[in-house]
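Here is the structure we will look at.
Chain letters run A, B, ... following the sequence lines, proteins first, then strands; residues in each count from 1. Reckoned from all heavy atoms, side chains included, excluding hydrogens, waters and symmetry mates.
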There are 2 protein chains.
Amino acid sequence: MENNNLGSSDRLLLAAINLISERGYNGVTTQEIATAAGLSEKTLFRHFGSKQKLLESAFDRYHYAEEMRKLFKEKLVWELEEDLLTVSRTYHEIMNRNRKLIQISTRDEVQLPGFKERTQQHPLQLLEILTNYFIAMGEKGKMIRTDPKMQAFTFMMSQFGAFVNNLEAGKNYPDIALEPFMHESVKIFARALTP
Amino acid sequence: MENNNLGSSDRLLLAAINLISERGYNGVTTQEIATAAGLSEKTLFRHFGSKQKLLESAFDRYHYAEEMRKLFKEKLVWELEEDLLTVSRTYHEIMNRNRKLIQISTRDEVQLPGFKERTQQHPLQLLEILTNYFIAMGEKGKMIRTDPKMQAFTFMMSQFGAFVNNLEAGKNYPDIALEPFMHESVKIFARALTP
DNA sequence: AATGTCTGTCAGTGATTACTGACATCATAA
DNA sequence: TTATGATGTCAGTAATCACTGACAGACATT
């Protein structure tokens, strides 16, 4: 964890994210965070005033909030299997970039109100986009027309479930990798939803 | 939270599970747990000796560890859509019964080693059962024969994702309920996997 | 009546922890 | 050189918290 080329604030923020995502807000001391950042506890408080504000700053600074909307506009080609793969890839990219903050926001949601809403926005956005995409595909005759919202939700849940189990870490399901999962899950849904 | 007809130990265990699942192990004091149980802090320590042992006892006492294996043996009828619905129902029943303990074990896994393995056994069992079921169905000619393990895993992930989002609580996705989700997700996979 | 069991109250201890103030050090810029 | 800003050290405070011992009351069993 040698981030010596970064500024002190960023070193503290990253150390905080790493430690708190692993052991929880109440499971980490300001002393530990400062030491992990290679700085003194005093410096931590000079920069952020309180432990709470330190974590809030970490969210403001390191939460990637780009809209999924934009990412899809230019990428979708109205070919179901290809597009589902794009959706899956983009989803896992964004979610994995935010993994540690998402973990913190779910674990410590009671103590850190408002954080969960911010990380929950990505799934909600995706659900909306995907539902609209399914409706449009149905109108084009390229998809069965039954329950687009629930279909989108089911696809999302499969991706979300895989994300939560952190296939890349390989701890929960050692012999299942992310890339093959994305392909197989996309294939399944494409086959199920094609007329 | 009036469990006055229960013994003191059980009142304490249930109060501990409720509070810790909401606010985390380090976010709850022994004082709070005792008060929630309608007892004094002293009584808590007389019964369990330490906070740690209190939680461990809660797991031993309230973790429903029945094997999915048994539940399926008598229920499956080798009809894909019907069986997938049975699997989904059974899965959510068991997982929801264990929801609070599962939440504790994932949130506080670092501080409570060994707990996660115990709650993770249900999904692992289900994956194995479902994979074998898919293989057998393939041999009967009732399912496409491609990648049974990954197909089982994808189905499981969709159920797991829905479980994590606690549809019954209706907080994350207010307009999506568990029952319709189970039916739609099962329909999707049945259509995708039928020859 | 006597005994044992369960519980509460009270008053504490020792450890941890977020957070502070005073002062020193050191590099860089003016 | 001097001033400035960022940092470290040290010693400390006030609060919290897991946990304890001593004593007493309530209740059931014998």
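- A nucleotide of DNA chain D counts as in contact with chain A when one of its atoms lies under 4.0 Å from a heavy atom; the first and last such, 5' to 3', are D/dT7 to D/dT9.
- A salt bridge (Lys or Arg N to Asp or Glu O under 4.0 Å) check over residues 130-158 of chain A, counting only residues at least two apart or in different chains, returns the pairs A/Lys149-B/Asp175.
- Shown for residues 49-62 of chain B: residues whose heavy atoms fall under 4.0 angstrom of DNA chain D, namely B/Gly49, B/Ser50, B/Lys51.
- Residue pairs satisfying the ring pair (Phe, Tyr, Trp, His ring centres under 6.0 Å) criterion with at least one member in residues 99-153 of chain A, sequence neighbours excluded, are listed as follows: A/Phe59-A/Phe115, A/His63-A/His122, A/Trp78-A/Tyr133, A/Phe153-B/Tyr173, A/Phe153-B/Phe181.
- Within residues 23-30 of chain A, the residues approaching DNA chain C are A/Val28, A/Thr29, A/Thr30, by heavy-atom distance under 4.0 Å.
- Counting to the nearest Å, the P atom of C/dA18 and the CD1 atom of A/Ile20 are 10 Å from each other.
- Applying the salt bridge (Lys or Arg N to Asp or Glu O under 4.0 Å) criterion to A/Arg46, with sequence neighbours excluded, gives no partner residue.
- Among pairs with a residue in residues 109-129 of chain B, those fulfilling salt bridge (Lys or Arg N to Asp or Glu O under 4.0 Å) read A/Lys171-B/Glu109, B/Asp60-B/Arg118, B/Arg69-B/Glu128, B/Glu109-B/Lys116, at least two apart in sequence or across chains.
- Looking only at distances, a side-chain donor or acceptor of A/Gln125 sits under 3.5 Å from a matching main-chain atom of A/Met68.
- Looking at residues two or more places apart in sequence or on another chain, you find a salt bridge (Lys or Arg N to Asp or Glu O under 4.0 Å) between A/Arg89 and A/Glu179.
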Point to revise | Check against salt bridge (Lys or Arg N to Asp or Glu O under 4.0 Å), B/Arg61 and B/Asp10 | key: CA-CA 9 Å; B/Arg61 180 99 173 68; B/Asp10 285 306; 2.9 Å; yes

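- For the residue pair A/Ser21 and A/Gln103, no side-chain donor N or O sits within less than 3.5 Å of a side-chain acceptor on the partner.
- A/Leu127 places a side-chain heavy atom less than 4.5 Å from the side chain of B/Ile176.
- Using a 4.5 Å heavy-atom threshold, the side chains of B/Phe45 and B/Leu54 count as separate.
- Computed from coordinates, the A/Phe48 CZ to C/dC19 P distance equals 13 Å when rounded to whole Å.
- Residue pairs meeting the salt bridge (Lys or Arg N to Asp or Glu O under 4.0 Å) criterion with at least one partner in residues 150-159 of chain A, sequence neighbours excluded, are absent.
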Kindly give the atom pairs (protein nitrogen or oxygen, nucleotide nitrogen or oxygen) under 3.5 Å for nucleotides 22-28 of chain C.
none

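- Remark: A/Glu22 engages no residue in a salt bridge (Lys or Arg N to Asp or Glu O under 4.0 Å) (not counting sequence neighbours).
- In this entry the distance linking CD1 of A/Ile33 with C1' of C/dT16 reads 15 Å, nearest Å.
- The distance between atom CG of A/Leu44 and atom C1' of C/dA18, rounded to the nearest whole Å, is 10 Å.
- The salt bridge (Lys or Arg N to Asp or Glu O under 4.0 Å) check on B/Glu81 picks up nothing, with sequence neighbours excluded.
- One can place CG of B/Leu12 at 14 Å from C1' of C/dG8, the figure rounded to the nearest angstrom.
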